[in-house]
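Worksheet: one structure, shown below.
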Amino acid sequence: MSIKNYSQEELFKDGVRIDGRGANELRPIKLEVGVLSRADGSAYIEQGNNKILVAVYGPRELHPKHLARPDAAILQCVYRMATFSVDERKSPAPSRRELELSKVIRGALAPAIFLKNFPRSTIDVYIQVLQADGGTRCASITAASLALADAGVPMRDLVAACAVGKVNGTLVLDPNDVEDKLGEADMPLALMPRKKLITLLQMDGRMSKEEFLEACRMAINGCMEIYKLQRQALIKRYMVIREEYEGGEEEDA
Ligand code: ADP
């Protein structure tokens, strides 16, 4: 979808968005857990046209050792976009945006992990965006929390994330790249769904107080929908593991 083909008014017309969705609709989401055999944990997400792969290593020994915390593990996140992930070739050098998003994603995941269980260790999360279409930080958080669970990292909860945008004066769930770039606002939110704790809240653009509260409600509902899909993906993964070990003889408890 090329940005230059759309005026602000065309973004939301007669209750329909440019990709055919209603205002309160997520893009189609596909989640898969345990996709890489060499990582301790891994996950893959497709959310609309976003395609993102996450690998987790650890908890493991940290080098250099002077970076270690004596009372807890450190969480290291690396968010990178492939050169072919966007319309115009992206430079392979790490950009300021990638460094910032690495930090933002770490902040959204850290509250969910029992870091104090693993002093002097590191947990490493590598995120590769293979194809980007808006909302990659949220999709990365959703997939990374699954990859952490797949690695057996003890967690208080999963983390699900999605954004709410504002286009042509209307709040829209899970904006795509065009809506993100041409819209009036973008508000990514990450949630620990069972604990109902928000671990990330950002805002780009302007919303009234009422719009902000409604956007929070929409984003939280979006995260709860994503959480259901995360659980299904984890259950699917563990059914496969169980079949491998038990020959699939026992019924699910
Ligand atoms: P997010 O992906 O979390 O929404 P941004 O708001 O920074 O983060 O980016 C929005 C979208 O802009 C990205 O999802 C991607 O589709 C696009 N984008 C980001 N970086 C580039 C780039 N270097 N070249 C072209 N498009 C980009």
Side-chain angles (χ1 to χ4, degrees), residues 1-6 8 11-12 17-19 21 23 25-31 43-54 77-110 125-147 159-167 171-191 198-207 212 215-216 218-220 222-223 226 230:
M1 243 179 259
S2 169
I3 285 182
K4 58 182 175 290
N5 293 339
Y6 293 94
Q8 178 66 220
L11 289 178
F12 190 75
R17 294 156 71 176
I18 45 171
D19 56 9
R21 281 182 291 161
E25 228 177 295
L26 290 167
R27 288 173 283 186
I29 295 176
K30 175 183 158 191
L31 289 170
Y44 173 70
I45 182 167
E46 283 182 14
Q47 186 160 355
N49 293 321
N50 288 317
K51 296 185 179 183
I52 301 169
L53 197 52
V54 182
C77 292
V78 181
Y79 165 100
R80 296 299 312 273
M81 287 176 81
T83 51
F84 50 81
S85 63
V86 285
D87 277 347
E88 299 233 334
R89 178 183 178 274
K90 187 208 154 280
S91 157
S95 65
R96 234 188 80 144
R97 175 180 170 276
E98 286 169 304
L99 290 176
E100 184 195 323
L101 288 200
S102 299
K103 184 174 178 297
V104 161
I105 292 167
R106 173 160 54 85
L109 294 170
V125 178
Y126 297 103
I127 298 161
Q128 276 293 335
V129 179
L130 305 174
Q131 194 169 282
D133 189 32
T136 58
R137 83 194 62 196
C138 291
S140 299
I141 291 165
T142 297
S145 83
L146 283 180
V159 186
C162 74
V164 168
K166 184 175 158 190
V167 292
L171 295 177
V172 293
L173 185 63
D174 187 21
N176 61 30
D177 188 33
V178 175
E179 293 172 325
D180 182 340
K181 297 235 168 74
L182 294 179
E184 297 145 54
D186 179 36
M187 191 196 78
L189 182 147
L191 180 77
I198 292 172
T199 62
L200 167 77
L201 183 60
Q202 294 184 292
M203 171 72 84
D204 188 11
R206 297 176 84 97
M207 284 184 196
F212 170 70
C216 286
M218 285 171 71
I220 288 169
C223 288
I226 292 170
Q230 285 178 308

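FYI, the numbering just counts along the sequence from 1. Since the structure is predicted, the reported quantities are computational estimates derived from the model, not experimental observations. Whatever order the structure lists them in is the order used to number ligands and atoms, beginning at 1.
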Considering only protein heavy atoms, which is closest to [atom], and at what distance to one decimal place?
atom	answer
atom 4 (O) of ligand 1	G135 N, 2.8 Å
atom 14 (O) of ligand 1	G134 N, 2.8 Å
atom 10 (C) of ligand 1	D180 OD2, 3.3 Å
atom 9 (O) of ligand 1	R97 NH2, 3.4 Å
atom 23 (N) of ligand 1	K90 CG, 4.0 Å
atom 21 (C) of ligand 1	V86 CG1, 4.0 Å

Say you draw a straight line from [atom1] of [X] to [atom2] of [Y]; how long is it, rounded to the nearest 0.5 Å?
X	Y	atom1	atom2	answer
D186	K166	CG	NZ	12.5 Å
Q47	R27	CD	CZ	5.0 Å
I105	T199	CD1	OG1	11.0 Å

Quiz item: T136 to ligand 1: N or O pair under 3.5 Å?
Solution: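 T136 vs ligand 1: N/O contact under 3.5 Å present.
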
Quiz item: Counting both backbone and side chain atoms, is some N or O of D177 under 3.5 Å from an N or O of ligand 1?
Solution: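 For ligand 1, there is an N or O atom that lies under 3.5 Å from one belonging to D177.
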
Exercise. Check each atom of ligand 1 against the heavy atoms of A132 and keep those under 4.0 Å away; list them by number with element.
Key: 15 (C), 16 (O)

Quiz item: Counting heavy atoms only, which part of D133 comes closer than 4.0 Å to ligand 1: side chain, backbone, both or neither?
Solution: backbone

Practice problem: Quick one: do Y79 and R97 satisfy side chain to side chain donor-acceptor pair (under 3.5 Å)? Show the steps, please. | Solution: CA-CA 9 Å; Y79 165 100; R97 175 180 170 276; 3.1 Å; yes

Practice problem: Report the member of R137, K181, E98, Q202 with the shortest heavy-atom distance to atom 18 (N) of ligand 1. | Solution: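 Closest candidate by heavy-atom distance is K181.
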
Quiz item: Counting only N and O atoms by type, is there a donor-acceptor contact under 3.5 Å from the side chain of Q128 to the main-chain atoms of L53?
Solution: no

Quiz item: Do the side chain of R17 and the main chain of A23 share a donor and acceptor less than 3.5 angstrom apart?
Solution: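 The answer is yes, because a donor-acceptor pair under 3.5 Å joins these two groups.
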
Quiz item: Which atom pair, heavy atoms only, marks the closest approach of L182 to Y6?
Solution: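 Here L182 and Y6 meet closest at CD1-O, 3.4 Å.
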
Quiz item: Where do A161 and C223 come nearest, in terms of heavy atoms and distance?
Solution: CA-SG, 3.7 Å

Quiz item: At the 4.0 Å heavy-atom cut-off, does E88 count as touching ligand 1?
Solution: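 The answer is no: ligand 1 sits nowhere under 4.0 Å from a heavy atom of E88.
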
